[in-house]
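Below: one structure, written as structure tokens.
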Amino acid sequence: MQRLTVVLAAALVLVGGVVRAADGELDMDLMQTIEDTNKSLASNIATQNGAGSTADAKELQELFGKVEAHFVAKGGADDAVDLSRKSKDLAGAILKSVAEKNFDSASESATTLSRTCRTCHTFYKKS
Ligand code: HEC
């Protein structure tokens, strides 16, 4: 009996794994890249590195475009789509502020952007 339970449990874990993959999970590498780029952006803004901030903000715009596409394709995740768009817009606002050498304003947008990460994780991150 105990043996059967173990086999059943193993089978359940397997099925769970398949369902998770088919569910179209967000690529973890993508989020890890976003994390690294967001950190780099914060330090580039803090040191008023215009070129570095611009490169990072552009990359984040692109990466959040991918996140947006993921949630659009997944469906039923309107809030996540909105939060992805908001993140893209904030990266755009940072680009504009940096171009104007307004690092205070860039820093404010970066703070809002980091808050947006947490908002989305609260609702959509499973672990
Ligand atoms: C629109 C939603 C959304 C936004 C915005 C978002 N994330 Fe995520 N993030 C997720 C989801 C969903 C997961 C978990 C994916 C899963 O469990 O399949 C995740 C996972 C992560 C992880 C864990 C990756 C790992 O390897 O475990 C990190 C780090 C992360 N996000 C960083 C960020 C940062 C930094 C930002 C903002 C600059 C951000 N995220 C913005 C949805 C989002």
Side-chain angles (χ1 to χ4, degrees):
M1 195 60 210
Q2 194 155 14
R3 236 185 115 88
L4 181 63
T5 311
V6 169
V7 170
L8 271 178
L12 273 178
V13 167
L14 260 177
V15 170
V18 172
V19 169
R20 232 179 114 84
D23 188 30
E25 290 298 327
L26 201 58
D27 186 352
M28 280 302 185
D29 288 348
L30 176 58
M31 269 299 150
Q32 202 53 57
T33 309
I34 287 177
E35 165 97 354
D36 295 344
T37 311
N38 193 46
K39 274 191 191 144
S40 164
L41 176 65
S43 74
N44 279 326
I45 290 173
T47 57
Q48 309 208 342
N49 175 345
S53 304
T54 300
D56 289 339
K58 273 194 182 144
E59 188 174 352
L60 281 176
Q61 264 186 327
E62 209 174 288
L63 294 167
F64 278 115
K66 290 186 190 172
V67 176
E68 179 188 347
H70 165 85
F71 283 111
V72 168
K74 187 176 167 128
D78 292 351
D79 291 344
V81 172
D82 282 350
L83 289 166
S84 309
R85 287 190 184 140
K86 185 179 174 197
S87 304
K88 258 185 0 187
D89 290 348
L90 284 164
I94 292 170
L95 281 175
K96 197 163 166 280
S97 302
V98 169
E100 291 162 355
K101 303 218 177 325
N102 187 344
F103 286 94
D104 285 343
S105 154
S107 170
E108 267 172 43
S109 300
T111 305
T112 311
L113 178 59
S114 293
R115 222 175 277 140
T116 309
C117 314
R118 283 199 295 276
T119 306
C120 193
H121 293 162
T122 303
F123 292 110
Y124 290 97
K125 197 166 168 287
K126 285 168 194 127
S127 47

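Read the numbers this way: they start at 1 and go in the same order the structure lists the ligands and their atoms. Note that the numbering runs from 1 along the sequence shown for the chain.
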> If you take all heavy atoms of Phe64 and Lys88, which pair is closest and at what distance?
Replying inline: CB-CG, 3.8 Å

> Are the side chain of Asp56 and the backbone of Leu41 linked by a donor-acceptor contact shorter than 3.5 Å?
Replying inline: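 Looks like yes, one N/O pair under 3.5 Å.
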
> Is the closest side-chain heavy-atom distance between Phe71 and Asp78 below 4.5 Å?
Replying inline: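 Answer no - side chains too far apart.
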
> Got Phe123 and Asp79 here, is their nearest side-chain heavy-atom distance under 4.5 Å?
Replying inline: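 Side chain of Phe123 against side chain of Asp79, heavy atoms only: no contact under 4.5 Å found.
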
>> Please work out, at 4.0 Å between heavy atoms, whether the side chain, the backbone, both, or neither of Ser87 comes within that distance of ligand 1.
In response: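 Within the 4.0 Å criterion, Ser87 contacts ligand 1 through side-chain atoms alone.
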
> When you look for heavy atoms under 4.0 Å from ligand 1, do you find them on the side chain of Gln32, its backbone, both, or neither?
Replying inline: side chain

Taking only heavy atoms of [X], which atoms of ligand 1 are found under 4.0 Å from at least one of them?
X      : answer
Glu35  : 29 (C), 32 (C), 35 (C)
Cys120 : 1 (C), 2 (C), 3 (C), 4 (C), 5 (C), 42 (C), 43 (C)
Ser84  : 1 (C)
Ala80  : 1 (C)

> Can you name the N, O or S atom of His121 that is closest to atom 8 (Fe) of ligand 1?
Replying inline: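 Checking each N, O and S atom of His121, the shortest distance to atom 8 (Fe) of ligand 1 belongs to NE2.
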
>> If you take the nearest heavy atom of each of Met31, Met28, Arg85, His70, which one is closest to atom 7 (N) of ligand 1?
In response: Met31

> Measuring from the heavy atoms of Phe64, does anything fall under 4.0 Å of ligand 1?
Replying inline: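 Contact present.
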
Under 3.5 Å donor-acceptor pairs involving side-chain atoms of residues 90-100, not counting sequence neighbours:
from	atom 1	to	atom 2	distance (Å)
Ser97	OG	Ala93	O	3.0
Ser97	OG	Ser105	OG	2.8

